[in-house]
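Each remark here refers to the structure printed beneath this line.
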Amino acid sequence: MSHLLEVKGLTTTFQGDFGTNTSVDHVSFYVDEGETVCIVGESGCGKSVTSLSLMRLLSRSGEVTEGTVFFDGQDLFAMTEKELDKVRGNRITMIFQDPLTSLNPVFTVGSQIAESIRVHMNLSKEEAKARAEMLLERVGMPDAAGTMKKFPHTLSGGMRQRAMIAMALSCNPKLLIADEPTTALDVTIQAQIMNLLKDLQKENGMSIILITHDMGLVARMADRVLVMYAGQFIEEAPVKELFKSPQHPYTEALLGSVPTIHDAADRQLFSIPGIVPEVYDEITGCRFAGRCPHYAAECDRRQEDYVFGPGHTAKCIRRKELLSPRKDAN
């Protein structure tokens with residue numbers, strides 16, 4: 001079975017004042033049709049850079065140095081910019097973290113949505129305007145007709161995010177990349193937006209890559225989860241399996257830092273010591289070793305994707321050795 005999106009060995013570097021640093025290090029994953037895959041991890045782990053690399057939207061200092069990305073059987077990295085423009089914003093779309101900086105401040109919301117529709121769907125100006133208004137209504141925008149004439153800075157955070165979602169969904173994409181789509185929104189608006197994405201996914205059969213650090217959002221939205229740390233995917237599992245039996249200490253720490261409705265009154269939330277390393281090119285072993293309470297000498301060896309169950313892998317040799325039967329056992 002072929003995947004809708006298949007990424008192999010993706011490596012992204014940035015040129016800085018002190019040389020070249022690797023931000024995404026040989027990551028591989030896939031997304032199937034109609035599936036929601038969550039990429040989770042702390043800030044600075046490489047989640048957003050991964051998505052921008054897929055879309056070829058890196059800044060001038062960034063470069064994809066290795067890897068392949070196939071979408072619907074097409075090699076995105078082999079396309080010219082003109083060819084990619086027919087895919088990007090049409091069949092693959094993205095919701096960015098901050099809608100205020102992603103929307104053009106000198107054009108009305110309606111004109112920006114209609115422009116995308118006209119470019120990719122070859123509709124007339126009036127047809128594109130009508131579709132844009134319909135999309136704003138569909139995403140729950142109050143007074144869609146009035147919002148069409150407003151500028152982004154006059155809208156609230158939740159309304160701007162809805163406008164971004166309407167723009168992203170304007171051409172019925174096959175893949176939606178949502179990068180922290182509910183950042184800085186209150187929980188009520190967050191729930192509304194997530195419900196909207198799930199409803200639209202059911203209607204259109206699109207796939208979603210959801211980038212977040214919110215484990216509650218992961219539990220609610222994901223089919224599969226990719227846990228990212230220091231530029232690598234250190235654990236992958238179906239969502240229920242990940243919450244039931246996390247295998248990497250970093251995943252356990254993330255889950256341990258989140259309160260649940262089942263917690264005892266005296267439960268203490270876990271705080272992960274230290275920070276994500278800024279430079280990790282020269283770390284040969286486990287990149288979480290310096291913060292891990294289970295560190296041992298074997299953690300300094302190169303870590304592979306060890307299998308812990310169907311679709312469940314993790315880069316933790318200590319956990320694998322604990323679970324594996326000893327050779328001298330009777």
Side-chain angles (χ1 to χ4, degrees), residues 5-31 36-69 71 76-77 92 94-98 175-181 183 208-215 217-218 222 224-237 242 246 248-251 253-254 257 272 274-292 302-305 313-316:
L5 178 75
E6 189 164 13
V7 180
K8 291 185 177 181
L10 180 67
T11 302
T12 302
T13 61
F14 284 87
Q15 190 68 38
D17 294 337
F18 301 100
T20 301
N21 291 324
T22 301
S23 181
V24 176
D25 188 7
H26 294 90
V27 302
S28 299
F29 67 101
Y30 67 89
V31 181
T36 298
V37 174
C38 281
I39 302 177
V40 65
E42 292 171 277
S43 297
C45 287
K47 306 185 302 297
S48 295
V49 174
T50 299
S51 65
L52 293 173
S53 299
L54 301 181
M55 299 283 281
R56 286 172 53 182
L57 293 175
L58 295 168
S59 63
R60 291 184 179 180
S61 61
E63 179 185 9
V64 175
T65 56
E66 293 183 52
T68 59
V69 176
F71 172 73
L76 296 185
F77 288 172
I92 304 177
M94 188 168 180
I95 303 171
F96 297 93
Q97 288 190 31
D98 185 358
L175 174 64
L176 172 66
I177 301 174
D179 187 1
E180 301 280 7
T183 297
I208 298 175
I209 296 177
L210 177 60
I211 298 170
T212 184
H213 58 261
D214 186 337
M215 296 304 291
L217 205 57
V218 172
R224 284 188 300 115
V225 186
L226 302 168
V227 182
M228 196 167 202
Y229 185 79
Q232 294 180 338
F233 289 139
I234 59 171
E235 185 161 4
E236 175 182 354
L242 186 88
H248 199 284
Y250 179 64
T251 309
L254 287 178
S257 65
I272 308 175
I275 60 173
V276 180
E278 293 185 7
V279 180
Y280 35 77
D281 302 44
E282 298 179 359
I283 302 177
T284 57
C286 176
R287 292 181 177 177
F288 186 62
R291 305 171 70 188
C292 183
R302 179 178 176 82
Q303 306 292 297
E304 301 176 3
D305 286 320
T313 62
K315 285 182 168 64
C316 184

Check whether any side-chain heavy atom of [X] lies under 4.5 Å from a side-chain heavy atom of [Y], and answer yes or no.
{"X": "I95", "Y": "D179", "answer": "no"}
{"X": "F288", "Y": "P249", "answer": "yes"}
{"X": "L10", "Y": "H26", "answer": "no"}
{"X": "L5", "Y": "L54", "answer": "yes"}
{"X": "E180", "Y": "K47", "answer": "yes"}
{"X": "L58", "Y": "F14", "answer": "yes"}
{"X": "L210", "Y": "V37", "answer": "no"}

| Test: E42 and R291 ion pair at under 4.0 Å | yes
- Output yes when E304 and R302 qualify as a salt bridge under the 4.0 Å nitrogen-oxygen rule, no when they do not. no
Side chain to side chain contact (heavy atoms under 4.5 Å, CB included) for V225 and V40? Distances and angles first, verdict last. CA-CA 7 Å; V225 186; V40 65; 3.7 Å; yes
Do [X] side-chain atoms and [Y] backbone N/O form a donor-acceptor pair below 3.5 Å?
{"X": "R287", "Y": "I234", "result": "no"}
{"X": "S28", "Y": "G9", "result": "yes"}
{"X": "E235", "Y": "H248", "result": "yes"}

**Asked** Do the side-chain N and O atoms of Q15 and T20 include a donor-acceptor pair separated by under 3.5 angstrom?
**Response** yes
State, without any angle test, whether S53 and T12 hold a side-chain donor-acceptor pair at a distance under 3.5 Å.
yes
With R224 as the cation and Y30 as the aromatic partner, state whether NZ or CZ is under 6.0 Å from the six-membered ring centre and within 45° of the axis. yes
